[in-house]
Amino acid sequence: MSLLWGVLSQVLSWTGLCQLMFLACTGLGAVVAVVTVRLLVRHAWFTYRLSCFSKPHANSWLLGHLGQMQSTEEGLLQVDDLVQRYTHSCSWFLGPFYHLVRLFHPDYIKPLLMAPASITVKDELIYGHLRPWLGQSLLLCNGEEWSRRRRLLTPAFHFDILKNYVTKFNTSTNIMHDKWRHLVAKGMTNVEMFDHVTLMTLDSLLKCAFSYNSNCQWSASEYVSALVELSDLIIDRRQNILHHWDWFYWKTQQGKQFRKALSIVHRFTREVVQKRRCLISQHKKTETDFPTAPQRKKDFVDILLLSKDEDGQGLTDEEIQAEANTFMFAGHDTTASAICWTLYNLARHEHYQEQCRQEVMDLMQGRDRHEIEWEDLSNLPFTTMCIRESLRLHSPVQAVTRKYTQDIALPGDRTVPKVVSFCYSSQGAISLVSIYGTHHNPAVWTNPHEFHPLRFDSTNTARQASHAFIPFSSGPRNCIGQKFALAQLRVVVALTLLRFRLTPGVNPQLGSRSGGVRRLPQLVLRAEGGLWLQLEPLIPHNLEDCRDE
């Protein structure tokens, strides 16, 4: 959601208006006039088509709701107000440029998310800036190409593959906990979670995707630094309307920084894929000559290299690189956000934290090594309930957007209009499915702003609407990596509670003046000034034998 807010809030900024005036003054007034007429015709058309939806008070008939969207705590509170007032949906427009339908009720969300993938389109407004990095990957492609990619990538997230990743989750979590013990030993018990957890998820993903031990949690890694820089630059780019035009952006200092970081990330991925393809060819020859030769466990890149479609065709090196880059981009920030907010919610609710800890201790009883195994994941029911409730209350992704090549009928004789052609270009209403709004809708959840894990007890989930809980979206274009993320979440949360007692911390720059945590919706949900927790070790370092020596 925040990615959309930053873009749209500046479309009709004074900078944009001054640009139009400049064009008119330099003899291009006719072009401006044509563009203006086109925008006004399109604006009138979509205003008419979306009149079936309630519309919040707008600044004007032309500017609409421009400037009312905010990527801040106040912006989330604004969504709460919209949900209270309109319950299920409303229309929203920002100048004559962008027309949205905002939806926050399961009955209205379901027809959109369950629509066939063949008529669902990812709009360039939100995802266009990711293309130089992620290419034509599963996240960004549409139509038949998306269907083929989805079929080829599905084996990479099969249970048999995920089992192999659990060991890597343990290893990366152990490293993070060792860092925490070193900090606590120095008297630094107040720790900012996002910095540590993000490095841990990157470390883990590198192991799972490339079988690569980066040691990035202890020392700097060129690839990891470039990856983090790319994410930061994308957030910065959406804040400047001029940077939305490629021809301008690539000439700026930020654009040059983006290209430099991008070359590092792409070179790393390209070399891994090329070397791995050669290695697989060698292994095939070895298997022929030595059938009993030991087999290396397959990682994400291996699975993609071996996948074939119904015609026996696999992915090209470029396609595999795009999917590997997407795996790293989409996997590290979202999972890190989910872990941090889960630990935060448990730190604020000591009784739930203790109940989770007891569940993990019972699971570990009698074992020589404190390590979470694949079979353990289904034996942590209450911990899993707490994770799901945290995903509801603090969803990493706040919204998803879609366009459709066919009209989509909604309850109450409402319709989301399809993409249509205006003056040789295709335009459509943007459907903004508000995950945050749905998860905090009082018409869907009782006391939605309270942390109450028993909502996800089996007796209660049976009564939930099918699309009341959608942290990973839903339908054919849902998150393909959700089982991967949930497995890692359970491993990290369980081991953390086994080894540390958590209590709310304080941002050292604000001290007691902070007034609580202010949420910060960016690419994922973060916290202004970081998310600080106090750590108290529960198991003496010399008694823990679960670390990799």
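We use all heavy atoms of the structure for the numbers below, so side chains are in, but hydrogens, waters and symmetry mates are not.
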Test ring-ring contact (aromatic ring centres under 6.0 Å, His included) applied to Phe456 and Phe469, step by step: CA-CA 10 Å; Phe456 291 94; Phe469 180 63; 4.7 Å; yes

Test side-chain contact (heavy atoms from CB on, under 4.5 Å) applied to Gln353 and Leu502, step by step: CA-CA 8 Å; Gln353 181 183 159; Leu502 309 173; 3.9 Å; yes

Full working for salt bridge (Lys or Arg N to Asp or Glu O under 4.0 Å) between Glu318 and Arg270: CA-CA 8 Å; Glu318 290 74 18; Arg270 182 172 58 252; over 6 Å; no

Intermediate values then yes/no, side-chain contact (heavy atoms from CB on, under 4.5 Å), Lys483 and Phe157: CA-CA 7 Å; Lys483 291 184 175 64; Phe157 297 95; over 6 Å; no

Audit row: Glu144, Arg151, salt bridge (Lys or Arg N to Asp or Glu O under 4.0 Å) steps and yes/no: CA-CA 11 Å; Glu144 182 53 39; Arg151 291 193 300 271; 3.7 Å; yes

Derivation and outcome, ring-ring contact (aromatic ring centres under 6.0 Å, His included), residues Phe104 and His88: CA-CA 5 Å; Phe104 21 77; His88 50 73; 7.8 Å; no

Val79/Tyr436 under side-chain contact (heavy atoms from CB on, under 4.5 Å): CA gap, chis, key distance, verdict: CA-CA 8 Å; Val79 178; Tyr436 174 89; 3.7 Å; yes

Residues Thr401, Lys122; criterion side-chain contact (heavy atoms from CB on, under 4.5 Å); working and verdict: CA-CA 7 Å; Thr401 59; Lys122 290 288 188 75; over 6 Å; no

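Distance check: Cys340 SG to Leu533 CG gives 8.0 Å after rounding to the nearest 0.5 Å. Leu230 contributes atom CG, which lies 5.0 Å from atom CZ of Phe258 (distance to the nearest 0.5 angstrom). Separation of atoms OG (Ser431) and CZ (Arg402) is listed at 9.5 Å; rounding is to 0.5 Å. Note that CZ of Phe382 is 5.5 Å distant from CG of Leu454, once rounded to the nearest 0.5 Å. Put simply, OG1 on Thr342 and CG on Leu497 are 10.0 Å apart, with the number rounded to the nearest 0.5 Å. Annotation: the span from Thr415 atom OG1 to Phe53 atom CZ amounts to 7.0 Å, rounded to 0.5 Å.
A side-chain donor from one of Tyr108 and Arg414 sits under 3.5 Å from a side-chain acceptor of the other. No side-chain donor from either of Thr269 and Gln321 sits under 3.5 Å from a side-chain acceptor of the other. Remark: the Asn345 side chain and the Tyr352 side chain contain no N/O donor-acceptor pair separated by less than 3.5 Å. If you check the side chains of Asn142 and Arg477, you find a donor sitting under 3.5 Å from an acceptor. For Gln136 and Arg131, the side-chain atoms include at least one donor-acceptor pair closer than 3.5 Å.
Without hydrogens or angle criteria, Ser307 side chain to Leu152 main chain gives a donor-acceptor distance under 3.5 Å. In terms of modelled atom types and a separation under 3.5 Å, the side chain of Glu450 and the main chain of Asn447 share no donor-acceptor contact. Within the 3.5 Å criterion, the main-chain N or O of Pro442 finds no donor-acceptor partner in the side chain of Thr446. A donor-acceptor pair under 3.5 Å is formed between the side chain of Asp299 and the backbone N or O of Val301.
When every heavy atom of Ala115 is checked against every heavy atom of Ile119, the shortest pair comes out as CB-CD1, 4.2 Å. Scanning all heavy atoms of the two residues, the minimum distance from Leu486 to Leu391 falls at CD2-CD1, 4.0 Å. When all heavy atoms are compared, the tightest approach of Phe46 to Ala429 is CE2-N, 3.6 Å. Nearest heavy-atom pair across Met114 and Gly475 is SD-CA, 3.5 Å. Leu139 and Leu130 get closest at one heavy-atom pair: CD2-CD1, 4.3 Å.
Between Leu202 and Leu227, the closest side-chain pair of non-hydrogen atoms falls below 4.5 Å. Counting heavy atoms from C-beta outward, His439 and Leu393 have side chains that stay 4.5 Å or more apart. The closest side-chain heavy-atom distance from Leu315 to Leu153 is below 4.5 Å. Side-chain contact check for Leu112 versus Leu103: some heavy-atom pair is nearer than 4.5 Å. For the pair Phe300 and Ile161, the minimum side-chain heavy-atom distance is 4.5 Å or more. The closest side-chain heavy-atom distance from Glu323 to Ser137 is below 4.5 Å. Looking at Leu520 and Leu525, their side chains never come closer than 4.5 Å, going by heavy atoms from C-beta outward. Tyr249 is not listed as a side-chain neighbour of His129, based on a closest heavy-atom distance of 4.5 Å or more.
Aromatic pair Tyr165/Phe484: centroids less than 6.0 angstrom apart.
Between Phe329 and Trp133, the two ring planes are perpendicular [angle over 60°; tilted spans 30° to 60°]. Aromatic ring orientation, Tyr223 versus Phe210: perpendicular (interplanar angle above 60°, classes split at 30° and 60°).
Heavy atoms from other residues, nucleotides or ligands lying under 6.0 Å from CZ of Arg455 number more than 12. The number of heavy-atom neighbours closer than 6.0 Å to NZ of Lys110, taken from other residues, nucleotides and ligands shown, is 12 or below. Counting heavy-atom neighbours within 6.0 Å of Asp413 CG, excluding the residue itself, gives a total of 12 or less.
The existence of a salt bridge linking Asp203 and Lys207 is confirmed by a sub-4.0 Å separation between a basic side-chain nitrogen and an acidic carboxylate oxygen. A salt bridge links Glu145 to Arg149: one of the charged nitrogens lies within less than 4.0 Å of a carboxylate oxygen. Salt-bridge formation is not detected for the pair Asp407/Lys418: no Lys NZ or Arg NE/NH1/NH2 atom is positioned less than 4.0 Å from an Asp or Glu carboxylate oxygen. The residues Asp457 and Arg463 are annotated as not salt-bridged, no charged nitrogen and carboxylate oxygen being separated by less than 4.0 angstrom. In this structure, Arg276 pairs ionically with Asp302, as a charged nitrogen and a carboxylate oxygen lie closer than 4.0 Å. Between Arg490 and Asp376 there is no salt bridge, since none of the side-chain N atoms of the basic residue sits less than 4.0 Å from a carboxylate O of the acidic one.
For Ser231, the side chain to side chain donor-acceptor pair (under 3.5 Å) test picks out no residue, with sequence neighbours left out. Every residue meeting the salt bridge (Lys or Arg N to Asp or Glu O under 4.0 Å) condition with Glu73, not counting sequence neighbours, appears here in chain and number order: Arg519. By the salt bridge (Lys or Arg N to Asp or Glu O under 4.0 Å) test, Glu373 is found to be paired with no residue, residues two or more places apart in sequence or in another chain being considered.
The side-chain contact (heavy atoms from CB on, under 4.5 Å) test with Ser473 is passed by exactly one of Val433, Leu113, Val397, Ile109: Leu113. A side-chain hydrogen bond (donor to acceptor under 3.5 Å, both in side chains) with Ser204 is found for exactly one of Gln488, His332, Gln217, namely Gln488.
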